Amino acid sequence: MKSYVGMILVLSALVATSLGASIDMPEIHNQNQLVGGSVSAVKARDGNIIDPNAMAKGKSGPEEEKTAQFWYDLAHEEIAKRLELPQLDKRRAKNVILFLGDGMSLSTVAAARIHKGQLKGNPGEEDSLSFEKFPYTGLSRTYCSNAQVPDSACTATAYLCGVKTNIVALGITAAVNFNNCSGSEDPANRLESIASWSQAAGKATGFVTTTTLTHASPSGSYAKTTNRFFESDTDIVTYGEGENDPATCTDIATQLITQSPGKNFDVMLGGGIGKFLPNTITDPFNKKGERSDGVNLLSRWQGLHPGGVLAYNRDQLLSVNASRITNLIGTFRSGVMNYHKKADAKEEPTLAEMTRKAIEVVSKNEEGYFLFVEGGLIDYGNHYNSPTYSLDETLQFEQAVQEALGITDPEETLIVVTSDHAHPLTIAGYPGRGTPILGLNQNDADVNGIKYATLNYAVGTEQYLDEHGQRIDLSDKIGAEDFTHPSYIHGNIGVHAGEDVGIFATGPQSHLFSGMMQQSTIPHILAYALCVGDGPTICDNDED
């Protein structure tokens with residue numbers, strides 16, 4: 001381990017270390033919009049474009065859906081129907097990799113496919129993303145227990161814990177009301193994820209994200225909280241509306257480091273170092289930590305994992321010899337990582353590079369592994385009405401999928417690609433073949449003869465209207481990297497959409513992912529193939 005001494009971050013004595021210009025994106029989800037209620041908020045929440053305390057207030061769902069068993073039963077029914085069909089694949093999965101394109105609507109997939117082809121100088125429509133070549137595809141219904149259009153927390157609970165819950169909630173049933181910490185701490189309301197099921201079976205586990213280690217999507221694998229925004233103890237005060245404090249709630253970062261299954265993860269890669277450090281410490285990106293309790297969670301993690309390594313730039317990550325370490329944490333920004341187009345390539349690893357390193361770490365376990373990989377900034381690009389970024393992030397995501405395909409055994413590794421929710425992005429009009437997907441539709445115009453963009457959003461910041469409310473010509477604007485694509489409803493930022501999202505699967509038992517299914521059935525099928533958890537598994541068939 002001596003060669004790794006220089007790589008291990010001495011967290012108790014962090015000093016300011018400038019690693020180049022930081023492009024810190026603000027949190028896009030505003031609690032007020034997500035949970036309902038007044039748009040007024042405490043000043044500390046002003047950094048969010050959408051106040052997060054609005055998402056769940058005033059929303060309710062059916063009573064019968066508030067128990068975990070309702071969703072377990074529904075998932076088992078959906079699996080049973082699939083098992084009634086001829087089963088040509090008898091293979092058991094040793095490993096599972098679940099890829100999640102956050103906000104990757106089917107229109108985003110189609111536009112990214114075209115963009116990929118056009119980058120090669122081709123018309124583009126004929127191209128394919130790596131996961132579009134998988135042999136089985138299906139559709140996932142994304143609504144959450146009390147919302148027609150979901151957020152990334154209730155969806156993460158669905159596709160990782162197998163239960164639909166209330167918007168903003170993580171790892172708990174819909175029986176818990178918003179910001180009810182006592183309810184979220186009640187064992188009767190807490191859920192276990194496929195990461196927990198896999199650890200119980202002796203498998204390695206971990207996750208990779210381009211957001212933060214405590215963001216909603218990866219947190220679905222380990223956190224149990226009434227509010228996804230309780231990422232640090234400070235956040236509980238900020239977002240708790242005076243009803244909660246860190247003494248009654250355990251923040252997400254603390255859960256990751258000190259509770260199961262988080263403390264048992266073999267690998268965790270992403271951004272968000274600030275949630276783990278006290279505000280008396282300056283992190284490697286010249287930002288102050290965010291914790292108010294004085295606790296250095298990364299030092300605590302190092303104490304729990306003396307053979308573990310923490311990397312905070314690309315060179316450190318790529319130089320890690322997975323065979324010589326026990327655990328790995330990589331935190332590559334204070335908050336979410338930068339868009340690939342804006343990232344310093346010397347400092348921030350790509351999603352494909354993080355995926356490769358994570359697979360190297362978890363592959364050491366002879367019992368197999370469960371790995372979760374999120375392309376989290378597809379969602380950010382779509383929220384900002386910027387397909388320039390969302391499509392590039394989608395192409396980075398498909399490269400990570402290709403990377404995994406190249407270094408895993410298809411006979412023993414089930415790879416599933418899906419999304420948590422859609423975005424209201426449209427490919428509009430009747431543009432001819434090869435029309436630049438990020439440009440103007442040259443074949444169609446509005447009633448005033450003004451050409452319009454091929455890609456448009458329903459809600460966003462820019463309608464591009466003149467003083468008479470008429471659309472303006474975008475010929476001299478569209479195509480710039482920072483161009484915000486048009487929307488027809490004026491909002492502070494783009495929003496999610498409620499339509500179904502795709503599922504793409506390859507490997508053992510991948511045929512079970514065809515057809516329409518509830519999003520909450522996904523982890524139950526993964527568990528079936530992997531022979532983990534308490535539900536039905538392929539290993540129940542002795543003859544197999």
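Quick caveat, the model's predicted, so the values are computed rather than measured.
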Ring pair (Phe, Tyr, Trp, His ring centres under 6.0 Å) with [X]: which residues, sequence neighbours excluded?
| X | result |
| --- | --- |
| Phe134 | none |
| Tyr72 | His524 |
| Phe332 | none |

Could you tell me if [Y] and [X] have a donor-acceptor pair between their side chains, going purely by distance under 3.5 Å?
| X | Y | result |
| --- | --- | --- |
| Glu231 | Thr214 | yes |
| Glu348 | His340 | no |
| Gln199 | Thr205 | yes |
| Asn382 | Tyr457 | yes |
| Thr355 | Glu403 | no |
| Arg291 | Thr254 | yes |
| Ser105 | Thr108 | yes |

[Y] and [X], any side-chain heavy atoms less than 4.5 Å apart:
| X | Y | value |
| --- | --- | --- |
| Val320 | Glu360 | no |
| Lys364 | Asp266 | no |
| Pro523 | Trp197 | yes |
| Gln69 | Glu64 | no |
| Leu129 | Thr394 | yes |
| Tyr159 | Phe372 | yes |
| Val163 | Ser520 | no |
| Phe513 | Leu414 | yes |

Distance-minimising heavy-atom pair for [X] and [Y]:
| X | Y | answer |
| --- | --- | --- |
| Gly270 | Leu213 | N-CD2, 3.5 Å |
| Ser107 | His423 | OG-O, 4.3 Å |
| His421 | Asp379 | CE1-OD1, 3.1 Å |
| Ser217 | Ser152 | OG-CB, 3.9 Å |
| Pro508 | Ala529 | O-CB, 4.2 Å |
| Ala68 | Leu191 | CB-CD2, 3.7 Å |

Heavy-atom donor-acceptor pair, [X] side chain to [Y] backbone, under 3.5 Å:
| X | Y | result |
| --- | --- | --- |
| Asn146 | Asn166 | no |
| Thr226 | Asn180 | yes |
| Glu353 | Thr350 | yes |
| Thr210 | Gly376 | yes |
| Asp392 | Leu395 | no |
| Asn189 | Ser184 | no |
| Lys203 | Asn95 | no |
| Ser419 | Met104 | yes |
| Asp102 | Asp420 | no |
| Arg82 | Leu512 | yes |

Inset, instruction - Using the side-chain contact (heavy atoms from CB on, under 4.5 Å) rule, take Arg92 and Cys539 through it: C-alpha gap first, then chi angles, then the decisive distance, then the call. - result: CA-CA 8 Å; Arg92 167 188 175 181; Cys539 294; 3.5 Å; yes
Which distance, rounded to the nearest 0.5 Å, do you find between the [atom1] of [X] and the [atom2] of [Y]?
| X | Y | atom1 | atom2 | value |
| --- | --- | --- | --- | --- |
| Leu371 | Phe207 | CG | CZ | 10.5 Å |
| Tyr222 | Ile252 | OH | CD1 | 6.0 Å |
| Arg91 | Ser510 | CZ | OG | 6.5 Å |
| Leu100 | Ser221 | CG | OG | 11.0 Å |
| Thr209 | Glu374 | OG1 | CD | 3.5 Å |
| Asp233 | Lys275 | CG | NZ | 10.0 Å |

Inset, instruction - Give the ring-plane orientation class for Phe131 versus Phe397, where under 30° counts as parallel, over 60° as perpendicular and anything between as tilted. - result: perpendicular
Legend entry - Ring geometry between His215 and Tyr380 (parallel below 30°, tilted from 30 to 60°, perpendicular above 60°):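 Because their plane-to-plane angle lies in the 30° to 60° range, the rings of Tyr380 and His215 count as tilted.
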Legend entry - Asp534 atom CG, over 12 foreign heavy atoms within 6.0 Å: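 It does not: Asp534 CG has 12 such atoms or fewer within range.
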Legend entry - Over 12 non-hydrogen atoms of neighbours within 6.0 angstrom of NZ in Lys81: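 Open: at most 12 neighbouring heavy atoms sit under 6.0 Å from NZ of Lys81.
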Inset, instruction - Check the pair Ser232 / Asp235 against side chain to side chain donor-acceptor pair (under 3.5 Å), numbers first and verdict last. - result: CA-CA 5 Å; Ser232 72; Asp235 294 328; 3.2 Å; yes
Legend entry - Lys66/Thr173 under side-chain contact (heavy atoms from CB on, under 4.5 Å): CA gap, chis, key distance, verdict: CA-CA 6 Å; Lys66 294 183 178 180; Thr173 69; 5.7 Å; no
Legend entry - Ion pair Glu185/Arg190, N-O distance below 4.0 Å: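 Here Glu185 pairs with Arg190 in a salt bridge, since their nearest N and O are under 4.0 Å apart.
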Inset, instruction - Output, in order, the C-alpha distance, side-chain angles, deciding distance and verdict of side chain to side chain donor-acceptor pair (under 3.5 Å) for Asp540 and Tyr528. - result: CA-CA 9 Å; Asp540 296 338; Tyr528 177 88; over 6 Å; no
Legend entry - Counterpart residues, salt bridge (charged side-chain N to carboxylate O under 4.0 Å, His left out), relative to Glu366 (two or more places apart): none
Legend entry - salt bridge (charged side-chain N to carboxylate O under 4.0 Å, His left out) contacts in which one or both residues fall within residues 515-525, not counting sequence neighbours: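 Found none.
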Inset, instruction - Could you check Leu526, Leu98, Ile522 and say which one makes a side chain to side chain contact (heavy atoms under 4.5 Å, CB included) with Ile194? - result: Leu526
Inset, instruction - Start with the C-alpha gap between Val208 and Phe99, add the side-chain angles, then the distance that decides, and say whether side-chain contact (heavy atoms from CB on, under 4.5 Å) holds. - result: CA-CA 9 Å; Val208 175; Phe99 280 91; over 6 Å; no
Inset, instruction - Not counting sequence neighbours, which residues clear side chain to side chain contact (heavy atoms under 4.5 Å, CB included) with Ser260? List them please. - result: Lys263, Asn264
